[in-house]
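Note that these values count all heavy atoms, side chains included, but never hydrogens, waters or copies made by symmetry. Residue numbers start from 1 in every chain, and the chains themselves are labelled A, B, ... in the order their sequence lines are given, proteins ahead of strands. The model shown is predicted, which means the values in this text are computed figures rather than measured ones.
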Number of protein chains: 2
Amino acid sequence: MDKIVDGADADRSPTPATEPTSRPARRQRRVSMADVARLAGVSSQTVSRVSNGHPGVVEDTRQQVLAAMKQLGYRPNSAARALKSGEFRTIGVILFTLSTTGNVRTLEAIANSAAEQGYAITLLPVAAPTQDQVRGAFTRLGELAVDAIIVIMEVHLLDAATFTLPPNVSVVVMDSDAGDRYSVVDTDQAGGARDAVRHLLDLGHETVWHVTGPQDSFSAQRRTDAWRAALEEAGRPVPPPLPGDWTAESGYRAGLRLAREPECTAVFAANDQMALGVLRALHEHGRAVPDEVSVIGFDDIPDSNSFIPPLTTIHQDFAEVGRRCVEGVLRQLRTDTMERGTTLVPTWMVRRESTAPPPSGR
Amino acid sequence: MDKIVDGADADRSPTPATEPTSRPARRQRRVSMADVARLAGVSSQTVSRVSNGHPGVVEDTRQQVLAAMKQLGYRPNSAARALKSGEFRTIGVILFTLSTTGNVRTLEAIANSAAEQGYAITLLPVAAPTQDQVRGAFTRLGELAVDAIIVIMEVHLLDAATFTLPPNVSVVVMDSDAGDRYSVVDTDQAGGARDAVRHLLDLGHETVWHVTGPQDSFSAQRRTDAWRAALEEAGRPVPPPLPGDWTAESGYRAGLRLAREPECTAVFAANDQMALGVLRALHEHGRAVPDEVSVIGFDDIPDSNSFIPPLTTIHQDFAEVGRRCVEGVLRQLRTDTMERGTTLVPTWMVRRESTAPPPSGR
DNA sequence: GTGGGCGGTGACAACGTCGTCATGGGATAC
DNA sequence: GTATCCCATGACGACGTTGTCACCGCCCAC
């Protein structure tokens, strides 16, 4: 706070930074339809029709109204519009954090899809996944000007808040197994994880070690379950999973332990960031990737192509997930129904340079 | 689109994925104050007072109203409230992309600060920085239910849209030198870049090479300018800057060229992602970091601690920037004034393992 | 020439909330 | 016991927009 510099650095700047200065107030009462109507010499009803592109306004009148709108800088008041129409044309997105790439990519896709449909996105971040935080967010949510809600978090955490989602609001949830109670859209976590494991087994590895995501994430759970199932299905030993929390740092810690396991030749990290940490740990301990140890991630974040070595990973189609979320929520809104069930979006593997057959042909 | 799998994967799932099913409509007309008032046997005015925590309601009555509200699941209608009060308690954020870490971190900080102040965030993404896109966004923006706007983009691009920001809306801009026309909050780009260069010079490097951000980014421009100025100030040769676009991939391409410059011992990448690409390129060409070449980044993204080697970088205080943006915009809103000038938030260096003195003592 | 129909426009009400003012009843002080 | 004051509550209207319906004038058909 006290370290803030105002207007420093004037010596070198092309445009010298200046002290913030106040200007005289400039905000006058907002211009309403009535004002436009008066200027154009018509009724406000006609202004409304022009504003909404309704037919039944003669071209001459229309031009006059448009001119008046422009002259006064008229902007329709969306509050009044929403009050009358009962819809805000806004979708609320509730999520814990923008720190994980998955959330961000999904949010971006949601925002773009929503924009295409003429909907805006209202962000509802929950700082920390504590009960109080979530409850607070949902109390605010209740008053929020949204027609629908997309929840990007494990639904258990919602339940923990002893707060049910506002009634009369359509909801789509991600990262959840609550398909029996909500409409859920998700990446095919199981399929992706299975592909990852099979890829490594196909390369000739005896088994695959696993760095998990956080326990309370359904996605993480699913990936771990599928990893175990794929190994068991192939009749391979199942090494103890190493706990992670999506961060590169936790991946590094897990990687330190893996580096000490001489029989470990293949690792499946539950996301790319943790894979990054694993790569560093292995590198620091002189375990060459992929010659000695293969590493595969999950997500296909843009940076993963620049890891050392470039990471083989499971691509998530975030754009499709986002699109499906928006579609789902708007469909419920329009048909006035509530849907349940799970929609899965497939993944695919992106093979780069971090996976190879195990050393000495094995 | 046609690759989407609905309800697949039922074999292994703890909760089998199911086909989305429709339920009978469940949405009834929303309950209003009048409904609550009727049930509680009071006037809607009293409900209003309870709802807003206004004094002058006897405890007994209050409890009755609260009970009625709970029973009916009453949620205040924010449209009506906004219409009456003239404010939405919402801040619009317009940005191009959520692909760069800086934007995301800033957005997150803005969202958190805004939430603290009881404001929601409405996201206004602009898919591509073409004139049409921006103009479209701003047209929508004009009708948007926001009290204020924070622009996270170079203001030149706004101007290109031949569209002025809606009048009567307070605005704060980031990544811009338009402090003479708007209120601008920014990281002290110049200071940070200067620190980065000086750090490398202090280590004994003859000069510092530079991978730039995109041309149309003011932040990138500033970092490049400060890099050049710091070198000139020290009387060092100024190598040709290598163009980048914030992505790791572009950093890799620049790194390939740097790897071929034998006299290059120190690199300043304009962000951490590009530094990641540089690290890979150097690694692939057998140029050891930091023993042969030092690399410094800018941003201090969480992953940078897990790069190989962990990256020395300039920390940006995104939280502070976000807070200042929100503060600025709300201050303008409350005082009904328009501010101009630039506020700079200082950076600091985080020293990790990617920088060291140049080889052979030089 | 007159009646019917239709297209363009305006008047009015209502959406849900909250500020303002009015009202009524109870408590306090004499 | 009565006058005064205050506090709790209610009635009413307005915020800006839009749906509904009424209206007016014109054109066309008979």
Worksheet item: Among the nucleotides D:dG19, D:dA14, D:dA11, which one has an atom lying closest to any side-chain atom of A:H54?
Response: D:dG19

Discussion item. Quick check: any donor-acceptor pair below 3.5 Å linking the side-chain of A:R62 to the base of C:dG8?
Written reply: no

Worksheet item: Which is true for B:V57 with a 4.0 Å heavy-atom rule: it touches a base, it touches only sugar-phosphate, or it touches nothing?
Response: sugar-phosphate

Worksheet item: With a non-hydrogen cut-off below 4.0 angstrom, is B:T46 in contact with a base, only sugar-phosphate, or nothing?
Response: sugar-phosphate

Worksheet item: With respect to the side chain of A:V42, which nucleotide from C:dG10, D:dG16, C:dT17 is positioned closest?
Response: C:dG10

Worksheet entry | Length of the line joining B:K84:NZ and D:dA14:C1', which is rounded to integer Å | 5 Å

Discussion item. Between C1' on D:dA8 and CG on B:D60, what's the gap in Å once rounded to a whole number?
Written reply: 12 Å

Worksheet item: In whole angstrom, what separates B:R38's CZ from C:dG16's P?
Response: 11 Å

Worksheet item: Do the side-chain N or O atoms of A:N52 get closer than 4.0 angstrom to the phosphate oxygens (OP1, OP2) of D:dT18?
Response: yes

Worksheet item: For the pair made of CD in A:Q45 and P in D:dT17, what is the distance, rounded to whole Å?
Response: 11 Å

Discussion item. From CG of A:L83 over to C1' of C:dC15, roughly how many Å is that when rounded to an integer?
Written reply: 4 Å

Discussion item. Tell me the interatomic distance from A:F88, atom CZ, to D:dT18, atom C1', rounded to whole angstroms.
Written reply: 16 Å

Worksheet item: How many Å lie between CG on A:N77 and C1' on C:dC15, as a whole number?
Response: 13 Å

Discussion item. Would you say that more than 12 heavy atoms from the other residues, nucleotides or ligands in this model lie under 6.0 Å from the CG of A:N52, or not?
Written reply: yes

Fill in: Main-chain N/O of A:T97 paired to A:N103 side chain as donor or acceptor, under 3.5 Å
yes

Worksheet item: Quick one: A:R89 CZ to D:dT17 P, roughly how many Å, whole number?
Response: 17 Å

Worksheet item: With no angle test and no hydrogens, is the base of D:dG10 tied to the side chain of B:R49 by a donor-acceptor pair under 3.5 Å?
Response: yes

Item to complete: Would you classify A:T61 as touching base, sugar-phosphate or nothing, given that sugar-phosphate means primed atoms plus P, OP1 and OP2, and contacts are heavy atoms under 4.0 Å?
Response: sugar-phosphate

Worksheet, complete the sentence: Among the nucleotides D:dA11, C:dA11, D:dG16, whichever has the atom closest to the side chain of B:S43 is D:dA11

Item to complete: Using modelled atom types only, decide if a donor and an acceptor are shared between the side chain of B:N77 and the backbone of B:A79 within a distance under 3.5 Å.
Response: yes

Worksheet entry | Minimum-distance pair of heavy atoms, taken over all atoms of B:Y74 and B:S32 | CE1-C, 3.8 Å

Worksheet item: Which is true for B:M33 with a 4.0 Å heavy-atom rule: it touches a base, it touches only sugar-phosphate, or it touches nothing?
Response: sugar-phosphate

Worksheet entry | Side-chain donor/acceptor of B:T335 to backbone N/O of B:R331, under 3.5 Å | yes

Worksheet item: Which nucleotide in the set D:dT9, C:dC18, D:dT17 lies at the smallest distance from any side-chain heavy atom of A:R81?
Response: D:dT17

